[in-house]
*Asks:* 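One structure follows; several queries about it will come next.
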Amino acid sequence: MNIVNVETSKKKIMLQKPLWSLYIHIPFCTTRCTYCAFNTYTDKHLLIDEYVQAVCAEVELLSHLDQPIHTIYLGGGTPSLLKPSQLEQIISHVLINFTYNSILEITQEINPRDASEAYLHALRKNVSRLSLGMQSVNPSELQMFSRDHDHPHVVQAVKFARLAGFDNINLDLIYGNPGQTLAMWRDSVQAALDLDPDHLSMYALSLENGTELKRRVTYGELPMPDPDLAADMYELASEMMAAAGFVQYEISNWAKPGKFCQHNIQYWKNLPYLGIGAGAHGYANQVRTVNVMRPELYIERLKNLPSNPLPFPQTPATMTAEPIDRQTDMFETIFTGLRLLDEGLSLKAFEQRYGEKLEVRFADEIKRLTRMGLLWQAGDALKLTKSARLISNRVFQEFAVEEEA
Ligand code: SF4
C-alpha cells in the first residue's frame, strides 16, 4: 500500500476545512538516554502488541470522518521498535477512519540502529519522512548520552533510506553539551551535512530534572555547559547551514526548500492536532488534552470503554483536558508563530482568526521590540530579527506582560 501522494480517493479533501494533524506516541526504548525526560520505558516491550491495539482503538474514538488531516507523526520513545506490520496496522487504521489530504506527510522517528535495509524498504510503503536521532558524530558524546548507536549506524541508515526511496530525511543534533568544544560541534554539523539530509533539527541541551545527565552535572562528574559557548555554537551552525543552502525556517530547524516539516509547522501555527498514545498531548476544539502516562494504564483504559462517549477530543485515555480561552490561544499563536523565522507571524491570518489586528492590540509591544532591534515587519509578516533568535523567550515575554497588566 503506497499511501503517499494519493491522487484520487473516496476520502477526497474538502479544501474549505482547516487541516488537522495527528501525533502518535510510542513509549518504548531499548535504553534510556542520559538526557531524556520523555515518557518512555525500557522494560515494557512485552506490551507492544496490546499497545498497538489500544492505539487503534483510540484512533477510532477520535476519528471525525469529515475532518481532513494532512500530517501524521509517529514519535517516542522509539517507534522503530515496532515491526513494519504493526506500524502499517496503525497507519491503515488512521487512513480508514480519517479523511486525508491528497499529499499526506507521514513522519516516523527511527533509531539509526534499527534502520536495516529490509526495515526501511518495508517502512517506505507507509511512511514518507524519516527522522533519525543522530545527536553527535563524536563517540565520547554518544557514550555520555548512553546512545545505543554510533556514527557508522547513521551513515548506513541514511544510505539504506535513500535506497528505499526516502526523499525527506531529518537528522537531529544536540549542542551545548558538557565538555563539548566548538570544534567538536563543527564536526557534528559537518558530518550531518556530509550525509546530505533534507532537514536538520538542532536543539540546545536542556538538563531536565530526574535525568542521569543532570545528576552527573550536579554532582560535578561532568562540567556545567556554558551558555555563551552554546550561543556561539548556534551562530556557527546557522552560518554553516546557510552556506550549505538550507533555510532556517524555525528557530531550531533548517531545511532544503520544499522540505519544511509540515507537522511541526502545525504546532508553530497553533493549529489543531490530536495526541494519541500514552502521555500524548493534543489540542483541538480549544481544549488541550494529555493522556495517561503509563502504557499499562493506557491499554486498560482503552479496553474498558465507558458506555457514554466522552466529549471530543477526550477519550478514556485522557488524563487532563484543559479548556483554552481566547486570550491564551492568542498569546500561544504569537509565541509559536514568531518561531517561524522565514514565514513569520502573518498579520492577516491573525486578524482572520481573532477578529482584531495584532498591530493594533499590541502596538506598544511591537513598537518597543522593533526599536530594540528584535522584531521587524516584512510585508504581511512580523518576524524575529537575527539578534532576537537567541533571546526569543524574552521577546515572547513582552507580549505576555500585556496580558498580566
Ligand atoms: S531514544 Fe529518544 S525517547 Fe528513547 S531514551 Fe533516547 S532520547 Fe529518550
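Quick caveat, the model's predicted, so the values are computed rather than measured. For ligands, and for the atoms within them, numbers begin at 1 and follow the listed sequence.
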*Asks:* Shortest non-hydrogen contact from Arg162 to Asp196?
*Replies:*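 Nearest pair, atom of Arg162 first, then Asp196: NH2-O, 2.8 Å.
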*Asks:* State whether the number of non-hydrogen atoms from other residues, nucleotides or ligands found under 6.0 Å of Gln143 atom CD is greater than 12.
*Replies:*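 Result for CD/Gln143: open.
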*Asks:* Is Phe145 in contact with ligand 1, taking contact as a heavy-atom separation below 4.0 Å?
*Replies:* no
*Asks:* For Gly77, state whether at least one heavy atom is located under 4.0 Å from any atom of ligand 1.
*Replies:*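 Yes, Gly77 has a heavy atom closer than 4.0 Å to ligand 1.
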*Asks:* Counting backbone and side chain alike, does Cys33 bring an N/O/S atom below 2.8 Å of atom 4 (Fe) of ligand 1?
*Replies:*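 No, since none of the N, O or S atoms of Cys33 sits under 2.8 Å from atom 4 (Fe) of ligand 1.
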*Asks:* Quick one: do Ile106 and Ile91 satisfy side chain to side chain contact (heavy atoms under 4.5 Å, CB included)? Show the steps, please.
*Replies:* CA-CA 9 Å; Ile106 304 181; Ile91 294 169; 4.0 Å; yes
*Asks:* Could you report the tightest heavy-atom contact between Thr211 and Tyr35, atom names first, then the distance?
*Replies:*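 In this case the closest contact between Thr211 and Tyr35 is CG2-O, 3.6 Å.
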*Asks:* Atom 8 (Fe) of ligand 1: which protein heavy atom is closest, and how many Å away?
*Replies:* Cys36 SG, 2.3 Å
*Asks:* Give the residue and atom name of whichever protein heavy atom lies nearest to atom 4 (Fe) of ligand 1, and the separation in Å to one decimal.
*Replies:* Cys29 SG, 2.2 Å
*Asks:* With a sphere of 6.0 Å drawn around NZ of Lys269, does it hold more than 12 non-hydrogen atoms of other residues, nucleotides or ligands?
*Replies:*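 For Lys269, atom NZ is not crowded (no more than 12 foreign heavy atoms under 6.0 Å).
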*Asks:* Quick one: are Ile366 and Phe399 in side-chain contact, heavy atoms under 4.5 Å?
*Replies:* yes
*Asks:* Between Glu356 and Arg361, does at least one N-O distance fall below 4.0 Å, as a salt bridge requires?
*Replies:* yes
*Asks:* Within a distance under 4.0 Å of any heavy atom of Thr31, pick out the atoms of ligand 1 and give their elements.
*Replies:* 5 (S)
*Asks:* If the contact criterion is a heavy-atom separation under 4.0 Å, does Thr42 count as touching ligand 1?
*Replies:* no
*Asks:* Take every heavy atom of Glu109, measure it against each atom of ligand 1, and state whether any distance is under 4.0 Å.
*Replies:*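 The answer is no, since Glu109 has no heavy atom less than 4.0 Å from ligand 1.
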*Asks:* Tell me, which protein residue and heavy-atom name are nearest atom 7 (S) of ligand 1, and how many Å apart are they?
*Replies:*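 Looking only at protein heavy atoms, the one closest to atom 7 (S) of ligand 1 is Tyr35 OH, 3.5 Å.
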